[in-house]
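Here the structure comes first, spelled out in structure tokens, and everything after it is commentary.
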Amino acid sequence: MKKVVEGSVAIAHAVKTIRPDVIAAYPITPQTHIVERLSEYIADGELKSEYVRADSEFSAISILVGASATGARTFTSTSSQGLALMHEVLFNASGMRLPIVMVVANRALSAPLNIWNDQQDSISQRDSGWIQLYAEDIQEAHDLTLQAYKISEDIEVRLPSMVCMDGFILTHAYEPVDLFEDEEVQKFLPPYDPKVYLTTEDPLTFGALATPEYYTEFRYVMQQAMERAKKKIRKVFTEFKEMFNRGEESLISLYKMEDADIAIITLGSLTSTVREAVDRLRDKGIKAGVVKIISYRPFPEEEIRKSLDKVNSFIVFEKDISLGHEGAVFTDVKSVVYHMKDRPSAFGFAVGLGGRDVRESTIEKLIVECIEGRKKEGFYFGDVKRVKEILK
Amino acid sequence: MMLFGPGHRACAGCGCAVTIRHVLEALEGKCFVVNSTGCMEVVSTPYPESSWEVPYIHSLFENASAVAAGIETALKSLSREHEGKVVVIAGDGATADIGVQTLSGMMFRGHDILYVCYDNEAYMNTGVQMSGLTPLGAHTTTSPAGKSIPGNLGPKKDMPAIALAHGAKYVATASMAFLADIKKKIRKARDITGPSYIQIHSTCVPGWGIDSARSVEIARLAVETGLYPIFEYENGQLVSVRKIKNRKPVEEYLKVQARFRHLFKDERGKEIIEKIQEIADYNAQYYGLDA
């Protein structure tokens, strides 16, 4: 069923077809439309989930920890400060191997207060043991929401997932979206079979204390689960493509990389902009291509290394920075090429912070500067202007 | 079968372990326990062992009420409410300080959850730091009795009143010195649909500086002096109090604990003891404790 809908509505629709047992919600811009629409479905009797209006994002995710541990399929969504407030619980949920799915409407972090888009919020949670999938457009965000359940709930994985979609740019935009039908989703996603859960019929202890004798092994098996998640993501993506005839089969997506000399690596909605810039450069005879990262955790090490096999250089464009070092994605990509014999030159730019518009012309200009040797290898702010005039 | 099993690592004479054992016995194992981080969690779940013969989850320090709300909601959604009552077991710091928001949200939303606060009056697991339920005059490691300041200067936060203000249907206090009373109140709370709050005074041998053999006796003194009034509210109405015959002076309770020892050394301490007596007198009058 193809319809022109707002991004948040597409997510709410996807969740409605997935039928979580428990939804916990707390408002934060730009995520609110998702939980508002879900509450409307419930008010109109179109969705039978239990819907808890939590007292904070911290409580919302904690409620899902309890619900998921009891064997329920769960959903929430948040942004920015809300995700930061969840920080402690994120590690707890993954440590207890609870397959919670959460949509993150990516937004900058305060201070200064800023409600607009970048990806500092979710990138800052990269070590939390959650699978992180980034959507380029509304269709992909809608599709990843369903795929995330199938990946997370797999007994070989059993890790929670974040589906990250750029705030406003995707949550509040309208695009034609091929929306799920109930029957399709039921066919694609098996009923949740928790196997291990809280019940008086077989009392178990969740959240035990692990001494130094055991703690490392708990982390080790989580890392193994992340490795297995790579295979599972490929499998679920492939199954999805077979059934719905759209989407990717890999943790990354490539564009014009077959003969590329230079790879432009990015994630989220920025990919579309970068693709346009690459087309312009191709018109000028510059052989650039795009590597879109869909799964940031687990990190697609093998895929990225393979994609960079023949390029002379790569440039990462990302909407975050690990202050005191460089962009987190840039660091990760560099680590992948470390073992390559002819290591490509590495450039990275932080762009689109706090909702600043990223234009094709800016991307194009920065790529050209790198190619022409006007920039040394390294990481830069891509679009800083008038610091003295603005911040005096 | 022991529902809070033997082999846990609590100190000899630990009042909290006694309290929890009797809470679980009253519920006959038909419950889901959500435990906040603290002594009782640490002593009872060293992987791969567990003292809990009931479904048990420990998530974090401050989110037990929210996790419990999630369990209760999931049981409803999955039509499994018949399995048992959802019970929070949390210490005083987890209840009155760091977890008070999630507790407020849980009570406000009206979840069918029994909240049990085992009140040993400080952060004992981390080494006896002051909490919102530390009593006036008590020495803790963050409210030490010093040359200028004689221990904790404030009274206990009135958590039962906070629970009542949320419209909790059943609110009660109890003491580990009166185990039959604990069981009676737990069963009463179990049978009520909606949020209930029970705060149970439970001794901490190292934290209070008491003789482990006198744990129950000292807990009883808190009640007999009027410092720990035992009462219950149903639907916002006070329905019962434990009456005291010949209420004892507070010194009898204070002098047997190292945490109050400094109060007996000088004039300033004497003034604090007078203020503590005023609290006991107020309790006696407010709740009608004197028989």
Side-chain angles (χ1 to χ4, degrees), chain A residues 19-24 26 48-74 76 85-93 95-96 98 100 192 194 197-211 213-215 217-218, chain B residues 3 9 27-35 37 41-80 82-86 88 99 101-109 111 113:
Chain A
R19 300 180 189 169
D21 300 301
V22 177
I23 297 168
Y26 190 82
K48 302 292 181 200
S49 308
E50 290 291 332
Y51 185 98
V52 186
R53 290 148 198 91
D55 44 275
S56 69
E57 291 91 347
F58 174 84
S59 287
I61 191 70
S62 296
I63 287 164
L64 297 194
V65 164
S68 186
T70 311
R73 178 176 280 165
T74 60
T76 190
L85 188 58
M86 290 180 177
H87 179 73
E88 188 189 9
V89 195
L90 298 181
F91 285 75
N92 196 252
M96 282 199 265
L98 303 174
I100 297 164
Y192 178 37
Y197 59 99
L198 293 169
T199 171
T200 47
E201 283 161 22
D202 180 18
L204 294 173
T205 289
F206 277 59
L209 169 87
T211 57
E213 201 181 344
Y214 295 103
Y215 185 83
E217 284 65 32
F218 276 95
Chain B
L3 295 166
R9 284 135 162 92
L27 294 164
E28 294 159 346
K30 279 192 64 134
C31 62
F32 293 79
V33 168
V34 185
N35 196 187
T37 308
E41 167 259 326
V42 168
V43 303
S44 65
T45 67
Y47 182 86
E49 294 161 17
S50 174
S51 299
W52 302 85
E53 296 291 342
V54 295
Y56 169 98
I57 184 168
H58 155 251
S59 174
L60 300 168
F61 201 176
E62 69 279 39
N63 71 349
S65 294
V67 173
I71 295 173
E72 185 250 12
T73 306
L75 291 174
K76 204 188 297 171
S77 184
L78 301 168
S79 303
R80 285 172 42 204
H82 60 274
E83 285 193 31
K85 189 91 176 182
V86 181
V88 175
Q101 178 184 330
T102 60
L103 172 57
S104 171
M106 180 276 278
M107 291 191 293
F108 167 72
R109 290 188 300 267
H111 292 281
I113 290 168

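Bear in mind that the values here come from a model prediction, so they are computed numbers and not experimental data. Just so we're on the same page: letters track the sequence lines, and every chain starts at 1.
- Interatomic distance, A:Thr205 OG1 to B:Glu53 CD, rounded to the nearest 0.5 Å: 8.5 Å.
- Taking chain A as the reference chain and counting heavy-atom pairs below 4.5 Å, the highest number among B:Ser104, B:Ser59, B:Ser51, B:Gly29 is found for B:Ser59.
- No donor-acceptor contact under 3.5 angstrom links the side chains of B:Gln101 and A:Ser59, judged on distance only.
- The candidate with the highest count of non-hydrogen atom pairs below 4.5 Å against chain B, out of A:Ala60, A:Ser68, A:Ala54, A:Ala208, is A:Ala208.
- Looking only at side-chain heavy atoms (C-beta outward), B:Pro48 and A:Tyr214 come within less than 4.5 Å of each other.
- Of the listed residues (A:Leu64, A:Val65, A:Val52, A:Asn92), the one with the most heavy-atom contacts under 4.5 Å to chain B is A:Asn92.
- Rounded to the nearest 0.5 Å, atoms CZ (B:Arg80) and CG (A:Leu198) are 8.0 Å apart.
- When A:Asp21, A:Leu209, A:Val89 are compared by the number of non-hydrogen pairs under 4.5 Å with chain B, A:Leu209 comes out ahead.
- Atoms CG and CD1, from B:Asn63 and A:Ile61 in turn, are 10.5 Å apart once rounded to the nearest 0.5 Å.
- Using a 4.5 Å cut-off between heavy atoms, B:Val42 contacts chain A through both its backbone and its side chain.
- With a threshold of 4.5 angstrom between heavy atoms, A:Ser56 approaches chain B through its backbone and through its side chain.
- Looking at A:Phe58, only its side chain comes within 4.5 Å of chain B, counting heavy atoms on both sides.
- Within the 4.5 angstrom heavy-atom criterion, only side-chain atoms of B:Glu41, from C-beta onward, approach chain A.
- Donor-acceptor pairing under 3.5 Å is lacking for the side chains of A:Glu50 and B:Ser77.
- Between A:Thr211 atom OG1 and B:Tyr47 atom OH the span is 10.5 Å, to the nearest 0.5 Å.
- Interatomic distance, A:Ile63 CD1 to B:Thr102 OG1, rounded to the nearest 0.5 Å: 9.0 Å.
- Ranked by heavy-atom pairs under 4.5 Å with chain A, the list B:Val33, B:Leu60, B:Val54 is led by B:Leu60.
- Closest non-hydrogen pair, B:Ala66 versus A:Ser62, comes out as CB-CB, 3.5 Å.
- To the nearest 0.5 Å, the span separating OG1 on A:Thr199 from CG on B:Leu78 amounts to 10.5 Å.
- In terms of heavy-atom pairs under 4.5 angstrom with chain B, the leader among A:Met96, A:Glu213, A:Arg73, A:Glu201 is A:Met96.
- Nearest heavy-atom pair across B:Glu83 and A:Thr200 is OE1-N, 2.9 Å.
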